[in-house]
Amino acid sequence: MRRALVVGNSAGIGLALTKRLLQSGCHVWGVSRSTSEIEHPVYQHLICDVTSSEYPVALRLLLDTTGGFDVCVYCAGIGEFLDLEDMTSEVAVFRTNLLSLVETTSLVIPAMLARGSGHLIGLSSIGDQVISADAPSYSASKSGVSSYLAGLALALRPRGIAVSNVRLGFVDTKMAKGPVRPFMIGIERAVDVLMRCLKHRPARLTHPWRMEILVRILRWATRLRLARG
């Protein structure tokens, strides 16, 4: 039975993915800040904030207990609008979206290397290309995620480990806060994309592609504005 770790699975994409993995026959461990609604014979849940000092300790213990995972999917992520009067949330966004992903990776990869197999998936965003005055920490942290995962994919492929960067557009979750959300997809459709990723193990998977075109146009327009001063 394949063993999967889903980080950030109390709601949204992570929760729906966990349920789908269980339906497919996986033994799943989930990590989130709150309790899980899932009750299943082969599901175990760890309550822990990925940004806390307790997280690496708890994850190491879990890895020692399980012997490692065949699949690790990092779904944890937050996004906040910029508040110039109180920018503390900017730090929290980077810690959750990028730094805790790196910490998770540093802990789960060694066991995969020892076995010579494994699959790491990180949820980035098509917004990794956006230059945003409204939420600069979100787009910048996702840009870091995409770049980091691309580099890991190159480094780990010769060792038998797949690394996938899944870049989604707007998904109908509480994260989609903006008034304009073009090409938004449902949670189950997002999980379909992830399940396809698990099957084909691409280094990069973007959905929907039309959103990618729109983002590139917006990035070009923003760069032009910056150049004009």
Side-chain angles (χ1 to χ4, degrees), residues 2-18 21 26-34 36 43-79 91-115 117-125 128 137-138 140-157 159-168 175 190-191 194 197-198 201 203-205:
R2 191 162 60 161
R3 295 171 297 181
L5 173 68
V6 182
V7 181
N9 76 328
S10 61
I13 297 172
L15 177 61
L17 174 64
T18 300
L21 288 172
C26 287
H27 188 168
V28 184
W29 285 258
V31 181
S32 70
R33 290 180 297 179
S34 56
S36 174
Y43 177 72
Q44 294 173 260
H45 191 74
L46 172 64
I47 300 176
C48 193
D49 187 334
V50 297
T51 65
S52 72
S53 59
E54 290 82 14
Y55 175 63
V57 177
L59 184 52
R60 283 192 191 97
L61 180 59
L62 184 58
L63 287 163
D64 290 342
T65 303
T66 62
F69 301 97
D70 303 297
V71 174
C72 174
V73 186
Y74 190 88
C75 298
I78 60 174
V91 178
V93 171
F94 274 94
R95 282 179 177 162
T96 303
N97 295 357
L98 178 57
L99 297 180
S100 294
L101 165 67
V102 174
E103 189 157 47
T104 300
T105 299
S106 70
L107 293 171
V108 302
I109 290 299
M112 292 183 179
L113 284 171
R115 292 195 310 273
S117 65
H119 191 183
L120 172 73
I121 299 175
L123 263 66
S124 185
S125 169
D128 61 2
S137 58
Y138 180 80
S141 63
K142 289 300 185 180
S143 178
V145 168
S146 293
S147 179
Y148 182 67
L149 292 176
L152 275 184
L154 289 173
L156 291 170
R157 184 181 298 166
R159 304 288 295 274
I161 299 169
V163 178
S164 298
N165 175 26
V166 177
R167 302 170 66 249
L168 298 174
M175 281 279 290
V191 174
L194 285 169
C197 179
L198 283 165
R201 296 158 60 100
R204 176 178 165 121
L205 179 57

### Task
Drop me the distance from S164's OG to I121's CD1, to the nearest 0.5 angstrom.
5.0 Å
### Task
Would you indicate whether the side-chain heavy atoms of L123 and V73 approach each other to under 4.5 Å?
yes
### Task
Flag the pair V102 / L98 as yes when at least one side-chain heavy-atom distance between them is below 4.5 Å, and no otherwise.
yes
### Task
Please check if atom CZ in R3 has more than 12 non-hydrogen atoms from other residues, nucleotides or ligands closer than 6.0 Å.
yes
### Query
Taking atom CZ of F94 and atom NZ of K142, what is their separation to the nearest 0.5 Å?
11.5 Å
### Query
Between A16 and V191, which heavy-atom pair has the shortest distance, and what is it?
CB-CG2, 3.5 Å
## Note on the structure
Rounding to 0.5 Å, atoms CG (L198) and SG (C26) come to a distance of 7.5 Å
### Query
Between W29 and H27, how do the two ring planes meet: parallel, tilted or perpendicular, split at 30° and 60°?
parallel
### Message
Please evaluate residues Y74 and L120 with respect to the criterion side-chain contact (heavy atoms from CB on, under 4.5 Å), reporting the C-alpha separation (whole Å), side-chain torsions for both, the decisive distance (0.1 Å), and the verdict.
### Response
CA-CA 8 Å; Y74 190 88; L120 172 73; 5.6 Å; no
### Summary
Interatomic distance, CG@L152 vs CG@N165, rounded to 0.5 Å, equals 10.5 Å
### Query
Around R115, counting heavy atoms of other residues, nucleotides and ligands shown, do more than 12 lie under 6.0 Å from its CZ?
yes
### Message
Determine whether N9 and L17 satisfy the following criterion, side-chain contact (heavy atoms from CB on, under 4.5 Å), listing intermediate values before the conclusion.
### Response
CA-CA 8 Å; N9 76 328; L17 174 64; over 6 Å; no
### Query
Any idea which heavy atoms bring L149 and G122 closest together, and the distance?
CD1-CA, 3.7 Å
### Message
If I compare all heavy atoms of V31 with all of C48, which pair ends up nearest, and what's the gap?
### Response
CG1-O, 3.9 Å
### Task
Report the C-alpha distance between L59 and T104 in whole Å, list the side-chain angles of each, state the deciding distance to 0.1 Å, and finish with yes or no for side-chain contact (heavy atoms from CB on, under 4.5 Å).
CA-CA 8 Å; L59 184 52; T104 300; 4.2 Å; yes
### Closest approach of G68 to A111 (non-hydrogen atoms, all atoms of both residues)
CA-CB, 4.0 Å
### Query
Under 3.5 Å, is there a donor-acceptor pair linking the side chains of S32 and H45?
yes
### Message
What verdict does the side-chain contact (heavy atoms from CB on, under 4.5 Å) test give for F69 and L62, after you've listed the backbone C-alpha separation in whole Å, the side-chain angles of each residue and the deciding distance to 0.1 Å?
### Response
CA-CA 10 Å; F69 301 97; L62 184 58; 3.9 Å; yes
### Nearest-0.5 Å distance, SG of residue C72 to CD1 of residue I161
11.5 Å
### Task
Drop me the distance from L205's CG to L168's CG, to the nearest 0.5 angstrom.
7.5 Å
